[in-house]
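In this chain, numbering begins with 1 at the start of the sequence shown. Values below: every heavy atom of this structure, side chains too, minus hydrogens, waters and symmetry copies.
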Amino acid sequence: MRGDTSEALSVPHALRDGRFWAHADPPEATGERYDLVVAGGGRSGMSAAAEWLRRDPGAAVLVLDNHDEAAGQARRDALRRRIRQERPDGVMCDAETFGADTLVRLASPGWADEVPIAERARRDLRMLHEDPPDWFPRLSAEEKQERLAALTYSEFLLQVCGVHPDVERFCRTMPCREWAYDTRAFGAIDAWGAGYPGFGGLVLDRDKPSRLNSPSVRQEWQAGAGEDHVATPPSDGRARLRLSSPVVFARDGAGAATVGYFDGHQVMTVEAGSVILACWSAVVPYLVPELPEDQRRALRSAIRVPLLHATVRVRDARAWRRLGVLRVRWTGAYWCFCELESPATVHLLAAPCRSELGPGAGAAAGRRELVRTPYGRLEHTIRDQLARLLGPAGFDPAADIEAITVDRWGHANTPEYCRPWHPYYPDGPFPADVARRKFGRIAIAGSDSAPVGRGDAAVSAALRAVGELAR
């Protein structure tokens, strides 16, 4: 197990629950003084350190992180960019959804006839893909977009298109690779922007996004799917990095700021000319309790979406070749997507969010369930699903799996403003505008402060925070 392990989360959770200071000894000063101290060694924190050193090459910079490795989520972002570049070539209509496992190869002519659903549902599925009507014939283009913005994709399919419920269940996990939640939380306006079936008859302009599309959909429309238009600046190893060292407070003072972190035994403090908090926004109120209440409230509203990534090393890829697919979406099993990376590595993604509750409440509920899920249970689901998919092609999980690594990100995807969940989008005002306000020598970065669910948002937030402190 890697990522947000119990060890990495123990101190942040103790701060949240009010248990940390009841048991911690008084802080001990290290006597160290830095020009900049960064809380968070992810993409935003490392970018902030690199940008500070670009402006002042001789500066003393310290980066603190609660994990035992730096930039782990940057690797997760790189994986997400890679796997979403190509659509699945197979769909496993699994037993969890349809009572029995049936693999549908999307490259096959007439693939809809292979889906294990009633004939009426197959007709509805073909209609969505091949000849959907104009569902809102009396509305203008702008009114059609407003109508879509008020619905999730599941609601669009069931309430507007009137399709058989099996069609909605077949489509439900389509957004999970990119958004870590399903069509019950994914907006219909973004489903249209992403090219999902059912919108062809609306005659909306495909040359530009709607103003109601989420920031990620708008950016990918402009920059190309999977591209980050802001690169992470190189840090060149000049910033000092301390891992397994969660920050527990940041205080502004008359001559300098003071930052406290836990080294596993004791709370240690360093002085800082400037501080950048590039951690999860929801943690910041516990680190800086002096913040104004409206800012604390805005920071707490940034609820990240959980995500699981598993890497499985297999003995060989012969079963995949016999099966004739490389990327498979599951309709209802625990792991919603699996992909073969040549020569013999399988990647799996799971989206624990309780999507029926919406992206915010669903993320919080899914995260609570995730942290109670032991590694053994995750390993069992991986072995079970690979056996169900590849077993007919000769795959034996007991003999053919050589290693499994699970990266658990309880606080993974940035909460992004999107319709229908955020009625103030896109006109504002936005909670992030309040949440990212500078507080003395303390600036706030991280993609939560953007908030856009793309990796480049973390870099942009870092550059903004450095600029605020440099003024």
* To do: Kindly state each residue pair satisfying salt bridge (Lys or Arg N to Asp or Glu O under 4.0 Å) with at least one member in residues 271-292, sequence neighbours excluded.
  => Arg33-Glu271, Arg251-Glu290

* Does the pair Arg177/Glu339 count as a salt bridge with the N-to-O cut at 4.0 Å? -> no

* Asked: Within a strict 4.5 Å, meaning less than it, do heavy atoms of the Arg184 and Glu168 side chains meet?
  -> yes

* Hey, what's the ring geometry for Trp280 with His67, parallel, tilted or perpendicular (30° and 60° as the breaks)? -> perpendicular

* Structure fact -> Nearest heavy-atom contact between Trp179 and Val305 is O-CG1, 4.1 Å

* Shortest non-hydrogen contact from Thr30 to Val270? -> OG1-CG1, 3.3 Å

* Would you check if His422 and Cys418 make a side-chain contact, meaning some heavy-atom pair closer than 4.5 Å? => yes

* Measure the shortest side-chain to side-chain distance between Thr173 and Trp330 over non-hydrogen atoms and say whether it is less than 4.5 angstrom. => no

* Side-chain H-bond candidate by donor/acceptor type, Thr97 with Arg169, under 3.5 Å -> no

* Any Lys/Arg nitrogen of Asp427 or Arg211 sitting under 4.0 Å from an Asp/Glu carboxylate oxygen of the other? -> yes

* If you draw the axis of the six-membered ring of Trp192, does the NZ or CZ of Arg206 fall within 45° of it and under 6.0 Å from the ring centre? -> yes

* Beyond-backbone contact of Arg304 with Ser281, side-chain heavy atoms, under 4.5 angstrom -> no

* To do: Salt-bridge test for Arg147 and Glu143: reply yes if a basic N is under 4.0 Å from a carboxylate O, no otherwise.
  => no

* Glu369 with Arg354: basic N within carboxylate O range, under 4.0 Å -> yes

* Asked: Should the pair Asp252-Lys438 be classified as a salt bridge under the 4.0 Å nitrogen-to-oxygen rule?
  -> no

* Asked: Heavy atoms, side chains only, cut-off 4.5 Å: are Asp94 and Gln385 in contact?
  -> no

* What's the shortest heavy-atom distance between Ala412 and Pro306, and which atoms? -> CB-C, 4.2 Å

* Between the side chains of Arg240 and Tyr34, is a donor N or O closer than 3.5 angstrom to an acceptor N or O? -> yes

* To do: Please name the pair of heavy atoms, one in Thr183 and one in Ser154, separated by the smallest distance, quoted to 0.1 Å.
  => OG1-OG, 2.7 Å

* Basic-acidic side-chain contact under 4.0 Å: Arg300, Glu293 -> yes

Counting only pairs under 3.5 Å, give me each side-chain donor-acceptor contact of residues 256-264, with atom names and distances, residues two or more places apart or in other chains.
{"unit_1": "Tyr261", "atom_1": "OH", "unit_2": "Arg242", "atom_2": "NH1", "d": "2.8"}
{"unit_1": "Asp263", "atom_1": "OD1", "unit_2": "His265", "atom_2": "N", "d": "2.9"}
{"unit_1": "Asp263", "atom_1": "OD1", "unit_2": "Gln266", "atom_2": "N", "d": "2.8"}

